[in-house]
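What follows is a single structure, written as structure tokens, with notes after it.
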Amino acid sequence: MHFLFLLFPVLLMGLSLSFSASAQDQHDYIEFIKSEAIRKDLADQKIWRALLHYKDDRFSSSGYSSYVDDPDFFYAENGDIDAESELLRTIEEIFSLEREGNEHAQCRFVYRFKWLGSQLNLDKKMLPQENCADYIQWRDQVNAHSVSLIFPATALNSPSSMFGHTLLRFDPENVKEGSDWLSYALNFGANINNDDNSFFFAFRGLAGGYPGVYNMMRYFEKIKEYNRMENRDIWEYRLNYTPAEVDQILAHVWELKDINFDYYFFDENCAFRLLELLELVRPEVNLTGRFKLDAIPTNTVRAVVNEGLVESTHFRPSELAVLHARIDSLPEPLQKMGKRLANDITILDNADFQSLNNEQQGEVVQIAYSYLRYVQMQTQRNNAMAKRSHQLLLALNKRSSKEVVVVQPDAPETGHKTIVAGLALGERNDDVFQQVNYRITYHDLLDNEKGYLRGAQIILFNTELRHYQDDGVKLNRFDIVDITSLSKRNLFLDPLSWKVQVGFERVYSRGDDTGVFQLNGGAGHSYELSDNTELYGLLTGRLEYNEDFSSIIEPAIGGEAGFLYYSPIGAMKLDLGGYKFLNDDYRMKAAFNQNFNLAVDHAIRLSVAQEWHHDDDFYEVSVGYRYYF
């Protein structure tokens with residue numbers, strides 16, 4: 001016993017020396033790994049820069065900075081602007097014993113850990129053996145084998161989705177069409193304040209006032225949101241990424257969980273952020289580099305297609321598109337009967353209904369049921385409507401009806417590009433002018449409709465410079481925003497057509513050309529006369545700042561009526577409109593415009609107009625070339 005008592009200090013000293021030697025070995029190994037990382041220039045590798053989401057930044061001391069606006073994404077204090085500091089601190093953290101489990105760097109930054117392991121051939125015996133239970137459970141739950149790029153088309157009534165939207169869908173192995181509802185969708189969007197109205201939403205989105213975040217959800221939730229509630233067609237592009245590449249994408253998605261980015265509508269948006277993920281695992285493709293000023297979703301879809309990343313394409317029509325197709329497939333008498341049946345279930349016992357054959361009865365019941373379903377999705381639950389819908393479903397099960405076919409439109413990536421530059425030559429009351437125009441985005445009613453929503457116009461920052469021989473160069477027009485939505489009415493549907501425009505323009509006022517700032521808008525209805533013709537009428541109003549007027553802001557009321565015709569050579573528009581100001585000034589204008597489609601990205605635009613004012617009238621004619629890029 002005395003001998004053991006004497007031996008104890010010696011044993012204790014030996015254990016202490018052993019632990020010290022082990023700690024020293026660990027420290028030496030970490031320093032060796034850090035020196036190897038520096039020797040191999042890993043901080044300058046494209047993948048490391050992509051993992052940290054660095055971009056060129058001339059205002060940064062390093063010449064670059066991260067898109068990520070969240071300190072939780074970095075270990076180094078200056079990690080957002082220093083790739084090497086973040087690399088070295090990450091290496092320290094993956095060997096750290098201070099954190100464990102799901103909070104350890106090996107679990108928190110899975111992709112970083114795997115990539116560093118492959119680049120530095122890390123000795124597993126020197127690494128803490130962490131159980132990343134949360135990541136493993138999440139990855140098993142997502143169970144992804146392939147990835148698809150999803151493009152819900154334009155939604156003019158939603159400020160955040162005027163240009164469309166993109167998201168990624170992750171599918172399990174051997175997924176079949178229709179079973180992808182349970183797949184997971186990855187969305188990047190602004191984390192908005194629900195109290196903000198549309199104006200503040202647009203302003204803060206342009207100015208980067210919202211944080212952007214990634215979130216995962218079941219795909220059926222996005223179908224419900226886009227395809228049914230917002231009535232947007234959905235294009236699904238299955239990508240040719242391997243299961244290993246899909247696993248890498250998801251590993252980085254895990255790293256971005258709950259991480260904030262700055263969000264800007266035009267460039268650092270949903271489309272751009274998803275391109276970063278696709279580019280991360282295939283550094284050889286050029287996706288984000290194409291978009292220096294803006295990243296309009298349709299253009300990003302085009303980039304993915306042009307890079308050869310698409311394996312197959314699937315079109316999913318909206319509930320509204322299916323309803324329109326069903327309405328158009330029926331003769332008018334059956335349409336009218338279907339509308340009455342939707343509102344009155346006793347029509348089933350009506351003699352006129354009973355005289356129809358089984359298939360015709362099925363078509364009438366089907367259109368009534370489809371219409372009620374559509375209305376129910378747009379409004380709060382109505383018990384009487386729900387009961388009627390159930391009764392129609394029971395009646396439909398007893399009858400046959402044909403499958404409606406929705407004609408697949410041209411895919412969005414086949415349409416014209418969104419920036420426009422043009423040159424024109426014209427004459428205004430014998431005064432010849434030359435004009436240069438430039439539009440940042442996106443599509444007007446006369447542009448080539450291929451790949452775009454008919455009747456939808458979204459113009460931002462449209463600029464016209466004119467040169468007159470006796471008057472030099474002047475700004476003729478600058479439209480900050482010019483949006484028009486012409487939605488056709490029929491027996492079942494009565495959507496509102498509307499327009500809004502804000503900007504600067506030169507007008508003839510009190511005997512002279514005057515530059516004015518104005519806001520105008522209107523609402524009304526649009527009717528489809530045939531497959532390629534549309535007639536519309538709007539009641540309009542205008543607020544104008546005009547130095548020739550006695551009031552600072554002069555209001556006016558007016559109206560506009562127009563006719564649109566879509567032909568193989570291009571769209572034609574004929575319209576008549578005018579305003580009457582409270583100061584008794586008035587303006588009226590009749591205009592004929594024809595677009596000649598030379599190719600997808602090339603067009604000739606002809607314009608002829610006549611204007612009448614309370615003190616004069618004049619004509620204007622011009623012809624110009626437009627290039628889309």
Side-chain angles (χ1 to χ4, degrees), residues 153-157 164 227 231-235 298 315-339 360 363-364 366-367 370-371 374 401-416 443-458 484-499 524-538 560-576 591-600 603-606:
T154 299
L156 282 184
N157 293 323
N227 206 230
N231 302 310
R232 300 164 67 177
D233 296 334
I234 296 177
W235 291 86
T298 50
F315 173 68
R316 190 187 296 270
S318 68
E319 291 288 327
L320 182 60
V322 174
L323 180 58
H324 273 299
R326 193 171 296 282
I327 292 170
D328 293 341
S329 71
L330 296 181
E332 189 171 324
L334 294 187
Q335 290 183 31
K336 291 181 177 178
M337 187 176 294
K339 180 64 181 296
Q360 290 175 322
E363 292 301 320
V364 171
Q366 178 67 72
I367 194 65
S370 298
Y371 170 66
Y374 169 78
S401 64
K402 61 185 178 183
E403 188 72 25
V404 66
V405 177
V406 177
V407 178
Q408 180 172 313
D410 294 310
E413 73 274 10
T414 64
H416 66 76
H443 177 78
D444 70 35
L445 294 176
L446 292 171
D447 286 335
N448 192 331
E449 64 171 325
K450 183 178 182 180
Y452 288 85
L453 180 65
R454 182 178 285 187
Q457 170 173 292
I458 307 173
T484 299
S485 174
L486 301 178
S487 303
K488 65 180 182 181
R489 293 166 60 93
N490 53 40
L491 284 171
F492 287 83
L493 305 168
D494 57 350
L496 192 68
S497 293
W498 56 273
K499 62 174 288 189
H525 296 299
S526 176
Y527 301 88
E528 189 177 66
L529 303 182
S530 69
D531 288 343
N532 293 308
T533 58
E534 193 165 350
L535 183 68
Y536 64 90
L538 307 173
E560 180 181 349
F563 175 82
L564 274 165
Y565 174 63
Y566 299 92
S567 72
I569 65 170
M572 180 270 287
K573 184 173 74 162
L574 179 65
D575 61 358
L576 174 67
F592 168 83
N593 293 277
Q594 173 71 54
N595 198 68
F596 297 96
N597 302 326
L598 303 179
V600 173
I604 297 292
R605 183 73 59 91
L606 172 67

> With sequence neighbours excluded, what pairs up with Glu332 under the side-chain hydrogen bond (donor to acceptor under 3.5 Å, both in side chains) test?
Replying inline: Lys336
> Under a 4.0 Å N-O cut-off, is there an ion pair linking Arg454 with Glu534?
Replying inline: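 Salt bridge absent between Arg454 and Glu534.
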> Can a salt bridge be assigned to the pair Asp444 and Lys573 using a cut-off of 4.0 Å between side-chain N and carboxylate O?
Replying inline: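 A salt bridge is absent here (no side-chain N lies under 4.0 Å from a carboxylate O).
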>> In terms of relative ring orientation, are His443 and His416 parallel, tilted or perpendicular, with 30° and 60° separating the classes?
In response: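 Parallel: the ring planes of His443 and His416 meet at under 30°.
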Could you tell me whether a side-chain N or O of [X] sits under 3.5 Å from a main-chain N or O of [Y], the two making a donor and an acceptor?
{"X": "Thr533", "Y": "Tyr565", "value": "no"}
{"X": "Gln335", "Y": "Leu330", "value": "yes"}
{"X": "Asp233", "Y": "Ser318", "value": "yes"}
{"X": "Lys339", "Y": "Leu491", "value": "yes"}
{"X": "Glu560", "Y": "Leu576", "value": "no"}
{"X": "Gln457", "Y": "Leu445", "value": "yes"}

> Among all residues two or more places apart in sequence or in another chain, which pass the salt bridge (Lys or Arg N to Asp or Glu O under 4.0 Å) test with Arg489?
Replying inline: none
> For Asn597 and Asn595, does a side-chain donor sit closer than 3.5 Å to a side-chain acceptor?
Replying inline: yes
> Is atom CG of Asp531 surrounded by more than 12 heavy atoms (other residues, nucleotides or ligands) closer than 6.0 Å?
Replying inline: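 Not buried by this count: 12 neighbours or fewer within 6.0 Å.
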> Does Ser370 reach the side chain of Val322, with side-chain heavy atoms less than 4.5 Å apart?
Replying inline: no
